[in-house]
Protein chains: 2
Amino acid sequence: MGIIQRKEREKEEMRRLILDAALRLFRERGYDGVSIRNIAEAIEYSPGTIYLYYKDKSEIFFALQYEAAAVKRDHLLPVADIADPWERLVEFGRRYVDFGMKHPDLYDLLFITRAPMEYIENQECWKLGMATHAFFQETVQACVDQRYFKSTDTETIAYTLWCHAHGLVSLFVRERMRMYPEEQRQELAEKSFAMIVKMAESL
Amino acid sequence: MGIIQRKEREKEEMRRLILDAALRLFRERGYDGVSIRNIAEAIEYSPGTIYLYYKDKSEIFFALQYEAAAVKRDHLLPVADIADPWERLVEFGRRYVDFGMKHPDLYDLLFITRAPMEYIENQECWKLGMATHAFFQETVQACVDQRYFKSTDTETIAYTLWCHAHGLVSLFVRERMRMYPEEQRQELAEKSFAMIVKMAESL
DNA sequence: CTTGACAAATGAACAGTGTTCATTATATTT
DNA sequence: AAATATAATGAACACTGTTCATTTGTCAAG
C-alpha cells in the first residue's frame, strides 16, 4: 500500500514548490510585496490551491523562517568543533556576520521583519534560535571561566557582542550604509569586526 | 490680502491633521497595517481628500520620517555644548540610545523600516541624518586627535560604535529580546552601554 | 469496463487595499 | 447675484488575503 506514501510525498513536493517560489519572490519584492496570487501564478496553480497546503500567508512566512534558522544553524555548526573557547567565540561571530551578509533575506526574516510575532515563541523556529543563543552564551561563559576577560558578567558580554554583530548586519541589510561608497562597505564591516574582537580582548 | 495666507495656514493645518493621525495609527499598527481610508476616517474626511495634500502614501511616510529626524536632532542637540570630545562622544551615544528607547516608532521609521528607500537620498530627511552623522564622526575625530584612542581609524571607530548602538536599539525595537525577562531588558541595555564605553576607552 | 467515493484543484465571490477622477459643494471674486 | 476658482467627495479600477461551492481527477469495488 504505497499509495498513501506517494500522496504524502506529493504533498511534501507541493509544499516545497510553494516555499521555493515564495522565498524567491520574497527575496525580490519583500513579504508585503508578494501576494498569494503571485505565488500561485509562479507555480502555475490557482490561488485557492495554496490554502490546501498552508492555512494562510503568515504560515508560509513561518515555514521560511524555520528554514532560515536551519540554514543559520548549519552555517554555525562547524564552530562547535573548535576546542578553545576564545577562538570558538571569534569564529562564531565571524560566521554569524558572514551568514547575514550571504543571506540578507534570511537574516531579515529571522531578526528584523515585523511579521506576525505574536505567537513566535510557539514556533519551531524559536526553539532553534534559542538553542543557538544558548550555545553562544555557553561559549562566552567558557571564556569567562578560563579568564579570557576581566569582566565576569557573561550575559552582558554576550549581549554586547550580539548587539554589535546585529547592528553591523542589519545596517547593511536594511541599506543604512549609503553614506559609505558601495565598494567600501564590505571592507568597513570587516575592519569593524576586527576592531570589536580587539576590544573584546581587553574586556 | 490675508486670504491666501489664511488658505496657506489652513492647508498647513490640514497637513498637520493628516500627519498626526497617520503617526498615531502607524505607531499602533505599523505602516502596512494602516490604510489611507483609516487615516481619512480618523480625521473625518473622505479618502480622496488625503491625495489633495500628499501625492501618495509614501509621501506621508517621508514627511513623518523627516519629523522623526528633527526630533532626533533636537534630542542630540544639547550634546554639541560639551567641550571635551570624549564626554561629548559618550553623551552622544547615551542620547542616541535614549532616543531609540523613548521613540521606538520614530527610530524604526529612520533606521529599520523598508519603506520606499529608492530616492531617499533626495529627501530632506536624508540631509538631516547626514549632518548628524557628520557631527558624530567629527566628535570621534576630535577624540582621535586628542589621543583618546590608540587606534587612529576614525571611520571604523565611529562605525563600530554606531553598530553597537543600532544593534542595541533595533533588537529592542523589533522585539528580539524575548529570551530576556521583560523587566531585565532595560537594565541589560544600560549595562551593555556601560560596557561598550569601557571597551572604547581601551580602544 | 463502469460506477461510486474520495481527494485535489479551481475560480468566483467577499471585504479589504492604494489611487484616480468626474461630479458636487463651498468659498471667493467680479 | 452671477461667475469663477477651490475643496471635498465617493464611485470606480485594479489589486490584496481568504473562503467555498463547484468541477476535475484518481482509485478501489462491483
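Within every chain, numbering begins at 1; the chains are lettered A, B, ... in the order of the sequence lines, protein sequences first and strands thereafter.
- Side-chain proximity of Y53(B) to dA7(D), dG17(D), dT19(C): nearest is dA7(D).
- Salt bridge R88(B)/D84(B): absent, no basic N to carboxylate O contact under 4.0 Å.
- Residues S151(A) and D153(A) bring no donor and acceptor atom of their side chains to less than 3.5 Å of each other.
- Looking at E187(B) and K191(B), a side-chain N of the basic residue comes within less than 4.0 Å of a carboxylate O on the acidic one, giving a salt bridge.
- Ring geometry, F136(B) versus F92(B): the interplanar angle falls under 30°, so the pair is classed parallel (tilted spans 30 to 60°).
- At the heavy-atom level, S46(B) lies under 4.0 Å from base atoms of the strands shown.
- Atom CD1 in I39(A) sits roughly 11 Å away from atom P in dT16(D) (whole-Å rounding).
- Atom P of nucleotide dG10(D) and atom CD of E41(B) are separated by 13 Å, given to the nearest angstrom.
- What separates CZ of R15(A) from P of dA8(C) is a distance of 12 Å, to the nearest Å.
- Place K11(B) and K55(A) on DNA chain D by their nearest nucleotides, and K11(B) ends up nearer the 5' end.
- With rounding to whole Å, I50(B) atom CD1 is found 14 Å from dT20(C) atom P.
- Between the CD1 atom of I36(A) and the C1' atom of dT18(D) there is a distance of 9 Å, given to the nearest Å.
- Closest to the L52(B) side chain, of the nucleotides dA7(D), dG17(D), dA8(C), is dA7(D).
- A donor N or O paired with an acceptor N or O is found under 3.5 Å between the base of dG18(C) and the side-chain atoms of R37(B).
- The distance from atom CD of E44(A) to atom P of dT10(C) is 10 Å, rounded to the nearest whole Å.
- Here the nucleotide nearest the side chain of Y45(B), chosen from dG17(D), dA8(D), dT10(C), is dA8(D).
- Contact annotation for Y54(A): no contact, since no heavy-atom pair falls under 4.0 Å across all strands.
- We find that NZ of K57(A) is positioned 12 Å from C1' of dT17(C), with the value rounded to whole Å.
- Here S35(B) lies in heavy-atom contact (under 4.0 Å) with sugar-phosphate atoms only.
- Using a 4.0 Å heavy-atom cutoff across all strands shown, N38(B) reaches sugar-phosphate atoms only and no base atom.
- With rounding to whole Å, E10(B) atom CD is found 10 Å from dA27(C) atom P.
- Applying the side-chain hydrogen bond (donor to acceptor under 3.5 Å, both in side chains) test between Y107(B) and each of K72(B), K102(B), H166(B) identifies H166(B) as the sole match.
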